[in-house]
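Every chain is numbered from 1 and lettered A, B, ... according to where its sequence line falls, protein lines coming before strand lines.
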Amino acid sequence: MSEEVFRIVIDPKDHRDLPRAVITDCPSHLMTKTGSWRTLRPIVDLEECIKCGICWKFCPDVSIEVKEEGAVVDYDYCKGCGICAKECPVNAIDMKKEADYV
Amino acid sequence: MAKVPEMELMNKGTTACPGCGAAHAMRYMLKALGKKTMINIPACCWAVIPGVYPSRNLEIPLLYTAFETTGASSSGVRAALNAKGVDPREITVVGFAGDGGTADIGIQALSGCLERGTDTIQVMYDNEAYMNTGIQRSGETPYGAWTTTTPVGSQKAWKKNPKKNMMEVVNAHGIPYAATVSIGHPELMIEKIQKAKDIPGPKFIHIYAPCPTGWRSDPSITIELCKLAVDSCVFPLYEIEYGEYKIYKKPKNKIPVKDYLKLQGRFRHLPQEEVEMIQKNVDKEWELLLKKEEFTNE
Ligand SMILES: Cc1ncc(C[n+]2csc(CCOP(=O)(O)OP(=O)(O)O)c2C)c(N)n1
Ligand code: SF4
Ligand code: SF4
Ligand code: SF4
Ligand SMILES: [Mg+2]
């Protein structure tokens, strides 16, 4: 493949400055921190968490991961939809007001 | 049942609304298909969800195409791969369009793609309206729903037409495989999409994908709504394989349709008689589907 395809243009003047196919080195999570949209914040009670992974499965924003200690939320991206809290089978997640945390 | 693979081909940082079902639809579909997938997306919410250049949200090649052209565009990508000698079982070409892009404006491109026998998976992620442009009705908006073009208020002009049955439309093309899937049942959804991937020829997948913004539903109940839709038979989970119908998830206890409707603001205005009428229609469609299953499996 030509070098052209891999060229990254940060500040294009018009379409002629763009590569013919856009293959960038910038996954969306480096650009868009959607955590700032949140009005509700999921708080996991690690004592209650049975590490079943259901919250991970149903998070539409790929923002919760089950680690050694239990479910851990990535607050940089979590939009606070509350699906994880709703679907958790042991109610280990509580939705709290974001305003109380910032 | 297929497990939900850990691999993520959709990155964090999408611009989808909180609780978006369409985001789930993509995430699970790519988990099912894997990295060797090329996707065609027309104008729709998913044209916006990945964000803007130079951000890369999907870890697979994505071709943006005009609103009405998903079927044609995926046919072109498939033809190019064929010309390069790439086997369809090696790289999967997907057309991924909304309900408007599939059932309304894109229907002729879809029909052509299916009729030519093009080896692709055509996916309709169904949020039951034109959401990206501000909740206008589509052929997939169900009877009774409020949208901005089927307003409530004194006009009482909520949608008065039934939802278009796309499974029957595609089945009329004699394609090898079509399935309805739901993001509320990700294991089953992944199983059916993986099945479609291995079948030669044109396939169709109808994904039920709630939209909290357009349905006026709480973002936290997106998954719950999916389960209610299946348990009330509003959205039955079934597949059609070479003409044979199979309902692969039958509700153990059928619940009343009103339990599904009442959680969504878009149905709030409906008078009792219309809710009863919707129930009757759902029952009738369900009975018909059971008969189709029985008849085609004799
Ligand atoms: C030919 C053409 N007509 C109209 C539009 C404007 N438009 C962009 S997205 C869209 C609605 C898409 O609805 P749907 O396919 O259901 O996807 P959704 O936005 O709901 O995800 C419309 C009308 C367009 N881009 N091109
Ligand atoms: S769903 Fe609940 S119990 Fe399961 S991993 Fe998540 S927080 Fe823990
Ligand atoms: S609140 Fe929503 S976005 Fe945040 S971790 Fe839970 S499911 Fe994911
Ligand atoms: S409008 Fe609906 S489908 Fe579109 S991004 Fe928002 S929730 Fe998702
Ligand atoms: Mg739509």
Side-chain angles (χ1 to χ4, degrees), chain A residues 1 5-12 15 17-19 21-42 52-66 73-88 93-95 98, chain B residues 3-28 30-31 38 48-64 183-187 189-190 209-213 217-227 263:
Chain A
M1 239 178 265
V5 171
F6 292 99
R7 191 158 55 90
I8 297 174
V9 186
I10 298 301
D11 191 18
H15 68 280
D17 284 345
L18 294 172
V22 184
I23 301 173
T24 79
D25 207 13
C26 178
S28 50
H29 55 87
L30 296 181
M31 263 183 82
T32 325
K33 292 242 161 100
T34 49
S36 62
W37 300 8
R38 205 168 44 239
T39 57
L40 295 172
R41 170 180 285 240
C52 65
I54 289 178
C55 53
W56 164 79
K57 183 167 79 177
F58 286 125
C59 173
D61 287 292
V62 207
S63 296
I64 195 160
E65 212 183 316
V66 182
V73 177
D74 186 342
Y75 293 111
D76 279 348
Y77 303 98
C78 161
K79 295 170 187 163
C81 67
I83 290 178
C84 53
K86 184 93 197 165
E87 298 301 323
C88 172
I93 307 179
D94 251 350
M95 298 306 290
E98 180 70 17
Chain B
K3 275 190 64 175
V4 176
E6 281 186 23
M7 163 197 58
E8 303 286 359
L9 294 174
M10 181 186 93
N11 290 314
K12 303 172 192 189
T14 70
T15 65
C17 313
C20 173
H24 265 308
M26 178 66 84
R27 179 173 175 236
Y28 296 144
L30 293 184
K31 280 175 182 287
M38 288 182 160
V48 180
I49 292 172
V52 293
Y53 177 85
S55 161
R56 183 189 74 227
N57 178 243
L58 300 182
E59 296 296 327
I60 55 157
L62 186 172
L63 182 76
Y64 279 129
I183 60 155
H185 298 83
E187 291 86 357
M189 171 172 170
I190 286 167
C211 163
T213 306
S217 57
D218 195 275
S220 68
I221 64 164
T222 294
I223 300 299
E224 194 188 351
L225 279 176
C226 292
K227 293 177 182 162
L263 294 173

Roughly how far apart are [X] [atom1] and [Y] [atom2], rounded to 0.5 Å?
X        : Y       : atom1 : atom2 : answer
B:Ile223 : A:Cys59 : CD1   : SG    : 10.0 Å
B:Ser220 : A:Met95 : OG    : CE    : 8.0 Å
A:Thr32  : B:Lys12 : OG1   : NZ    : 13.0 Å

Testing the basics here: between [X] and [Y], what is the closest heavy-atom pair and its distance to 0.1 Å?
X        : Y       : result
B:Gly19  : A:Cys81 : N-CB, 3.3 Å
A:Lys57  : B:Arg27 : O-NH1, 2.9 Å
B:Glu224 : A:Glu87 : N-OE2, 3.7 Å
B:Ile221 : A:Lys86 : CG2-CE, 4.0 Å
A:Thr34  : B:Thr14 : CG2-O, 3.3 Å

Residue [X] versus chain A: region with a heavy atom under 4.5 Å:
X        : result
B:Met10  : both
B:Ala16  : both
B:Lys227 : side chain
B:Ile183 : backbone

Problem set entry | Selection from B:Pro212, B:Pro50, B:Pro186 maximising heavy-atom pairs under 4.5 Å formed with chain A |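 Option with the top pair count is B:Pro186.
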For this session: For the pair B:Val4 and A:Trp56, evaluate side chain to side chain contact (heavy atoms under 4.5 Å, CB included) and give the outcome as yes or no after the intermediate values.
Result: CA-CA 10 Å; B:Val4 176; A:Trp56 164 79; 3.8 Å; yes
